[in-house]
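Below: one structure, written as structure tokens.
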Amino acid sequence: MDSIEILFRYFGHISWQMPVMWVIGAILIYLAIKKDMEPTLLLPMGFGAILMNLPTPLERVDGVLVPAEGVSEVLETLYNAGIANELFPLILFIGIGAMIDFGPLLSNPKMLLFGAAAQFGIFFTYFVASLFFPIKDAASIGIIGAADGPTAIVVSRALESNFIGAITVAAYSYMALVPIIQPPVIRLITTRKERMIRMEYKPAAVSKTTRILFPIIITVLAGLFAPASVALVGFLMFGNLIRECGVLDNLSQTAQKELANLVTLFLGITIAFTMRGEKFLQPATLLIMGLGLFAFVFDTVGGVMLAKLMNMFTKKKINPMVGAAGISAFPMSSRVIHKMGLKEDPQNFLLMHSTAANVSGQIASVIAGGLILGLVQG
Amino acid sequence: MKKTLILILTILTLVSTLMVSAYAVDESSVEADLVSKPEVGDEVNSSTIPTIGADTTSVADDTSVEESSVADSSVADSTVAETEEDGNIDINFTTENMSTSLEHMGLGLLGVMIVLSLIAIVVFILNKVFKPQA
């Protein structure tokens, strides 16, 4: 009889939060596999959410049953080694930097302004969130609008937010949901005539020297204006320098593939360490999810509105939809805008313009993250 | 078109830089006020300033200081533990942080605009200086 009890003793340790987290984990896995939404991160996070919400094994010490080391200790070790010190997201940035071609942006530098405008959602959400949360948590929630998972992790970790799990899940989920979130917002704030504006694309050739100097100068500028962003910008630009220098092709390929894949593999499952049911299942999580969506919506609004503003002063009109591509969700956002342009006018090719705005969003979001850190930490 | 753009960017950058500089000067003056400068004739508290060759063992041996700090940390730990044990964090509507976050919002947006505008100007100059070889 005792043996039977031993076999089933852990069933009594199942709290109500555990099955709920299993369902959440299953949903994340479903979205990753069936809907192809950021599978590289949502799948490990989903599995990790299940892993983290299983009963803790017990061991007998001096005749008393005490919790033994379980899988959560392994994940905690990974968490301390890679997330608590922000190592994993930063290393991932080397890979992302090596993947990005800044060419379209360098040939049309005014697109950088859209990257800046499309960070409006971050700061507006920070303001709104501060009405409900302490400053550090509000700033971490606002950074969901960076549409950039590693930046969200670094900022919320550096600010020691209580909601790092929910923030990361929101950041990655909404990144994957860009094709669903952006089109209705854009349609709501633009007219059909505006969406049909054609933009000529005359790619100006960019010299190799410019391509090499660009990452170095950006790092220096970021260091001067937002020193807190130097780690993020520096690793991103280091990756890009490896790509553009032309003498480190092997390293560039490794950074883009093996390094990025390896870090992503650990990042997703390690983030799940913060998804313990007792901490994750709170009314605050629901509010954070709502504010994350709010941030993405107002990022889109910010970009579109700047394009409209610029159209008031320039002769060559800009399609306002391109402004919405200024968010950091690369390359989803630029593809969405391109498709929307083609839907309105099959001869309107906005891909290169939206790609330029999109890569500028990558830089802007990282700088915005650094600025938030600097402002909040004082 | 390019001239207009450069003009807008330059004006924007200048105005933003001026505003941020004004803010920075304002902040540094507040900090300067907080750290009161010793004036000529003021007695300097020598116990707070370590000097070269000074005997520091007395500080290390001062167990009462250590004990009190341990006691403090235990209080802090228990507070953290209680918060972590609770898990739940209350959400209350409060306008207490509104002015700070509003200020951060303005400065943050301004900061991003300044940095990105500067980058745009730098890229424009780089493109002018380093023409691609045919």
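Letters go in sequence order (proteins before strands), and every chain restarts at 1. In this text the structure is predicted, and so the values were computed from the model without any measurement. Computed from heavy atoms alone, side chains included, the values below leave out hydrogens, waters and symmetry copies.
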Just checking, is any N or O donor in the side chain of B:Ser101 or A:Ser130 under 3.5 Å from an acceptor N or O on the other one?
yes
So which part of A:Leu106 gets closer than 4.5 Å to some heavy atom of chain B, the side chain, the backbone, both or neither?
both
Choice from A:Ile135, A:Thr209, A:Thr210, A:Leu131 maximising heavy atom contacts with chain B below 4.5 Å
A:Leu131
Residue part contacting chain B, namely of A:Leu371, when any heavy atom lies under 4.5 Å
side chain
Check for a donor-acceptor pair, side chain of A:Asp148 on one end and backbone N or O of A:Ser328 on the other, with a separation under 3.5 Å.
no
More than 12 heavy atoms from other groups under 6.0 Å of CD on B:Glu96
no
For A:Ile122, which atoms come within 4.5 Å of any heavy atom of chain B: side chain, backbone, both, or neither?
neither
List the steps, then state whether ring-ring contact (aromatic ring centres under 6.0 Å, His included) holds for A:Phe298 with A:Phe123.
CA-CA 9 Å; A:Phe298 278 91; A:Phe123 297 101; over 10 Å; no
Side chain, backbone, both or neither of A:Ala205 within contact of chain B (heavy atoms, under 4.5 Å):
both
Please flag which part of A:Phe124 lies under 4.5 Å from any non-hydrogen atom of chain B: side chain, backbone, both or neither.
both
Against chain B, label A:Ala117 side chain, backbone, both or neither, depending on which of its atoms sit under 4.5 Å from a heavy atom there.
both
I'd like to know if the side chain of A:Lys136 and the backbone of A:Ser161 have a donor-acceptor N/O pair within less than 3.5 Å.
no
Please classify the contact of A:Val376 with chain B as side chain, backbone, both or neither, using a heavy-atom distance under 4.5 Å.
both
Assess the residue pair A:Phe280 and A:Phe163 against the criterion (ring-ring contact (aromatic ring centres under 6.0 Å, His included)); give the C-alpha distance rounded to whole Å, side-chain angles, the decisive distance to 0.1 Å, and a yes or no.
CA-CA 8 Å; A:Phe280 192 84; A:Phe163 304 105; 9.9 Å; no
